[in-house]
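What's counted below: heavy atoms across the whole structure, side chains too, no hydrogens, waters or symmetry copies. Just so it is clear: chains get the letters A, B, ... in the order the sequence lines come, proteins before strands, and each one is counted from 1.
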Amino acid sequence: MAKRERWQKNFSEWFSDILRDADIMETRYPVKGLFVWLPHGLKLRNSVLGIMRRLLEESGHQEVLFPQLIPENLFKKEAEHIRGFEGQVYWVTHGGHDKLDVKLALRPTSETSIYPMFSLWIRSHADLPIKLYQVVNIFRYETKMTKPMIRLREVTTFKEAHTAHADADEAEAQVMEAVKIYKRFFDELGVPYVVSKRPPWDTFAGARYSIAFDTLAPDGRTLQIGTVHNLGQNFAKVYGLKYEAAGGKHHYVYQTCYGISERVIAAVIMVHGDDNGLCLPPNVAPIQVVVVPIPYKAKEAPVEQIATAVKNELATAGFRAHLDDRNLRPGNKFYYWERRGVPLRLEIGPEDVAKEQVTAVLRDTGEKRAIPRKALGTKVKQMLDEIAENLRERAWKLFRESLKDAPDLGATKGIVKKRGGIARLPWCGQESCGKEIEEQTGGDMLGEELDGAQAPAGTCPICSKRAKTSVLVAKAY
RNA sequence: GGGGCCGUGGGGUAGCUUGGUCUAGCCUCCCAGCUUGGGGUGCUGGUGACCCGAGUUCAAAUCUCGGCGGCCCCA
């Protein structure tokens, strides 16, 4: 149980196999970088989104929905932004047989569609702050190799929040709130992460600075799973987002935006999986408990009857329960549901009937437990909580072990090349040295850890000057 | 950005070098029936494929070119 050989050594293969075998995603859609969500996968996606929506609503965000198309003139207003995105934009150039007078961009992100509307909505300080979000699909013309859920030409699950504030401090505080929300989000999913401030050359196009969350895939590569940007007044000035202050003066607003994509679902799948397939955290598992009857010949009736009763009891108690009464051998069903990541399985056979118990099997460890029928509800709840906790701890343990201090360039290179996780090394803070580190190690600089209180020990491995800070470097997806 | 490899039933593959014997083999999945039932039950039967287009040829899964799609390596 919990064997993780293929999961780790052959991760790429494991991942694409599991998307198919667990009915998550159909990867054969005949357009590069576009994929189909299957029922089981979509339920998982929607559960994950449910957590996100709850956290955002709790913190005063409101959901909106903007159009998919952005006119060229609006899209091209902010120079930095265009420079970052123009190479990846899909353009709609025709309507039927007519060539459009103004080309329309399929949004690669929505700043340029949302902020022009902000300029109509924001009149006075009383209109601020604005905290909106939407969950949409976006298109990016990726030239690199695409990968389901990870590198897409159509990101189908793009949660983007956009805020506007009266002053810089408030915007700064909003950035910190967003970081806090995302931490809670990933914590609820048991997905480990490190938060870092991206270096200037990897900052979101048009932002003052960017903060990013990264997790680790089983193959030792990092996966960026969330970003938070402080936009300052860049967009406000371009789109004319001004408000009237109490004294009657007009000021530009300060803005932030932050986003999460289906990469987070990829993260849930990868960090909790094993060689038998998925292992989903109970709070997002489409099926939390599967009941498998074991109908020995001539003893089918009581077994089936009790299995049904157990399933109904759990459903009534609010668990997502499923009874598998297919005419298959039990072992076959066990593998089937394990592959799909159902966290808890209850077996009911003649022996359980006789003893007024059910046999519970925990997906993460494979442990079997006899549960008295009478205690069913409370025990199931306990076991699901236990699985959630265990998954989180197991994932975090591996993550922590994979974040290593690297005293010099050689050590960093070793970690990056072997894809052994994330290296932490000293840095002088100069861009030229940073890029040289990336060049020489073949890794990507994630940036300076946000919570990293550790002293910047040692010297910059490139220029040998005293280090101003320490940064994380890894092979990134 | 540069280089290489690949595309055969739903999945994995054999066949391609040397065009014909391919009416395309095998494993798995799937469907039907019986059997079985606490970790992939067994038997019998069945459905299902040469990525698309053009070319060479008497003849193309096989050779050539283009498109689409996938994978890998380097930067």
Side-chain angles (χ1 to χ4, degrees), chain A residues 1-3 6 9-36 38 87-88 141-154 201 219 221 274-277 290-304 306-307 310 323-340 342 344-363 365-371 413 416-419 435-445 473 475-477:
Chain A
M1 246 319 154
K3 223 178 81 180
R6 203 169 98 91
K9 294 198 182 107
N10 254 324
F11 169 68
S12 203
E13 197 181 278
W14 177 91
F15 186 69
S16 53
D17 282 356
I18 211 63
L19 292 182
R20 169 169 36 82
D21 295 339
D23 298 322
I24 302 291
M25 194 155 255
E26 168 58 79
T27 60
R28 294 168 299 183
Y29 191 78
V31 181
K32 181 180 168 69
L34 275 54
F35 305 93
V36 180
L38 297 175
Q88 336 184 35
Y141 182 72
E142 287 286 349
T143 52
K144 297 244 182 219
M145 200 206 308
T146 53
K147 199 179 183 69
M149 279 191 218
I150 292 177
R151 181 166 286 111
L152 303 162
R153 283 186 168 179
E154 181 187 9
W201 61 93
D219 64 1
R221 280 195 269 191
D274 64 26
D275 286 0
N276 284 339
V290 64
V291 179
V292 179
I294 318 241
Y296 272 84
K297 199 143 185 65
K299 294 177 184 171
E300 294 100 332
V303 166
E304 280 164 18
I306 291 178
V310 164
L323 172 67
D324 187 355
D325 55 3
R326 292 175 299 171
N327 181 24
L328 295 172
R329 293 284 291 248
N332 198 329
K333 295 181 185 178
F334 298 166
Y335 282 103
Y336 181 91
W337 293 111
E338 277 165 14
R339 215 176 305 136
R340 284 161 179 73
V342 176
L344 190 64
R345 175 174 84 238
L346 300 180
E347 302 174 14
I348 295 165
E351 201 182 321
D352 300 296
V353 171
K355 292 183 181 172
E356 295 189 11
Q357 64 175 28
V358 302
T359 300
V361 183
L362 288 70
R363 171 66 181 84
T365 59
E367 191 197 337
K368 282 195 180 191
R369 291 180 197 171
I371 306 297
K413 204 182 284 184
V416 173
K417 291 270 187 236
K418 270 187 305 191
R419 293 197 185 148
K435 287 188 167 167
E436 192 60 29
I437 290 171
E438 287 185 331
E439 183 79 19
Q440 290 198 28
T441 61
D444 303 278
M445 186 178 282
V473 174
K475 187 87 185 166
Y477 261 104

- Along nucleotides 49-54 of chain B, 5' to 3', which nucleotides get a B, which get an S, and which get a -, given that the test is a protein heavy-atom distance under 4.0 Å? ------
- State, yes or no, whether a side-chain contact exists between A:Arg345 and A:Lys333 at a heavy-atom distance under 4.5 Å. no
Report, one pair per line, the protein and nucleotides 8-10 of chain B atoms (nitrogen or oxygen only) whose separation is under 3.5 Å.
| from | atom 1 | to | atom 2 | distance (Å) |
| --- | --- | --- | --- | --- |
| B:G10 | O3' | A:Arg28 | NH1 | 2.4 |
| B:G10 | O2' | A:Arg28 | NH1 | 3.4 |

- Query: Does A:Tyr335 have A:Arg339 sitting over its ring (NZ/CZ under 6.0 Å from centre, angle to axis within 45°)?
  - Reply: no
- Between B:G3 and B:G25, how far is it from one C1' atom to the other, in whole Å? 36 Å
- Would you call A:Asp325 and A:Glu304 a side-chain contact if the rule is heavy atoms closer than 4.5 Å? no
Please tabulate, one pair per line, each protein N/O and nucleotide N/O from nucleotides 40-46 of chain B that are separated by under 3.5 Å, including the distance.
| from | atom 1 | to | atom 2 | distance (Å) |
| --- | --- | --- | --- | --- |
| B:G40 | N1 | A:Arg339 | NH2 | 3.1 |
| B:G40 | N2 | A:Arg339 | NH2 | 2.6 |
| B:U41 | O4' | A:Arg329 | NH1 | 3.0 |
| B:U41 | N1 | A:Arg329 | NH1 | 3.3 |

- Message: Can you confirm whether A:Lys147 sits close enough to A:Tyr477 that some side-chain heavy atom of one is under 4.5 Å from a side-chain heavy atom of the other?
- Response: yes
- Pairs counted as Watson-Crick or G-U wobble with both distances under 3.5 Å: what dot-bracket string results for RNA chain B, using | for bases tied to another strand? (((((((..((((......[....)))).(((((.......)))))....(((((..]....)))))))))))).
- Message: For A:Glu142, is there an ion pair with A:Lys144 - N to carboxylate O distance below 4.0 angstrom?
- Response: no
- Note on the structure: Smallest heavy-atom separation, A:Asp274 atom then A:Trp14 atom, equals O-NE1, 2.9 Å
- Task: May I ask you to say what A:Asp352 touches in the nucleic acid, namely base, sugar-phosphate or nothing, with a heavy-atom cut-off under 4.0 Å?
- Result: base
- Measure distances between side-chain N and O atoms of A:Glu347 and base N and O atoms of B:G38, and say whether any donor-acceptor pair falls under 3.5 Å. yes
- Message: Under 3.5 Å, is there any donor-acceptor pair linking the side chain of A:Glu338 to the base of B:G39?
- Response: yes
- Shortest non-hydrogen pair, A:Leu362 vs A:Arg369, comes out as CD2-NH2, 3.9 Å
- Task: Report yes if the side chains of A:Ile294 and A:Glu351 come closer than 4.5 Å at any heavy-atom pair, otherwise no.
- Result: no
- How far does the C1' atom of B:A60 sit from the matching atom of B:G15, given to the nearest Å? 14 Å
- Check the distance between B:G37's P and A:Lys297's NZ and give it to me in whole angstrom. 8 Å
- On a whole-Å scale, what distance lies between the C1' atoms belonging to B:A61 and B:U21? 15 Å
- Task: Take atom C1' in B:G53 and the same atom in B:C68, then report the distance between them in whole Å.
- Result: 10 Å
- Among all residues two or more places apart in sequence or in another chain, which pass the salt bridge (Lys or Arg N to Asp or Glu O under 4.0 Å) test with A:Lys435? A:Glu431
- Query: Tell me, do A:Ile18 and A:Ile24 make a side-chain contact under 4.5 Å, heavy atoms counted?
  - Reply: no
- Message: Show, in sequence, the C-alpha distance, side-chain angles and deciding distance for A:Met149 and A:Leu19, and conclude whether the side chain to side chain contact (heavy atoms under 4.5 Å, CB included) test is met.
- Response: CA-CA 10 Å; A:Met149 279 191 218; A:Leu19 292 182; 3.6 Å; yes
- Ion pair check, A:Asp352 and A:Lys355, cut-off under 4.0 Å: no
- Task: Please measure how far the P atom in B:C27 lies from the corresponding atom in B:C43, and state the result in whole Å.
- Result: 12 Å
- Hey, which sits more toward the 5' end of RNA chain B by its nearest nucleotide, A:Asp17 or A:Pro295? A:Asp17
- Task: Using whole Å, report how far CD of A:Glu13 lies from C1' of B:G12.
- Result: 11 Å
- Would a 4.5 Å heavy-atom cut-off, applied to side chains only, mark A:Ile150 and A:Phe15 as touching? yes
- Between B:U62 and B:U23 - P atom distance, rounded Å: 14 Å
- Note on the structure: In B/S/- notation (B base, S sugar-phosphate only, - none; protein heavy atoms under 4.0 Å), nucleotides 68-75 of chain B written 5' to 3' is -SSSB--B
- Query: Taking the six-membered ring of A:Phe11 as reference, does the NZ or CZ atom of A:Arg419 fall below 6.0 Å from its centre and within a 45° cone about the axis?
  - Reply: no
- Message: Quick one, A:Val353 and A:Ile348 - any side-chain contact, counting heavy atoms below 4.5 Å?
- Response: yes
- Message: Pair A:Arg153, A:Thr146 - check side chain to side chain contact (heavy atoms under 4.5 Å, CB included), show working.
- Response: CA-CA 7 Å; A:Arg153 283 186 168 179; A:Thr146 53; 4.2 Å; yes
- Task: Could you check if a side-chain atom of A:Val303 sits within less than 4.5 angstrom of a side-chain atom of A:Tyr296, using non-hydrogen atoms only?
- Result: no
- Task: Write down the distance separating the P atoms in B:C26 and B:U17, rounded off to the nearest Å.
- Result: 22 Å
- Query: Expressed as a whole number of Å, how far does the C1' atom of B:G20 sit from that of B:A59?
  - Reply: 7 Å
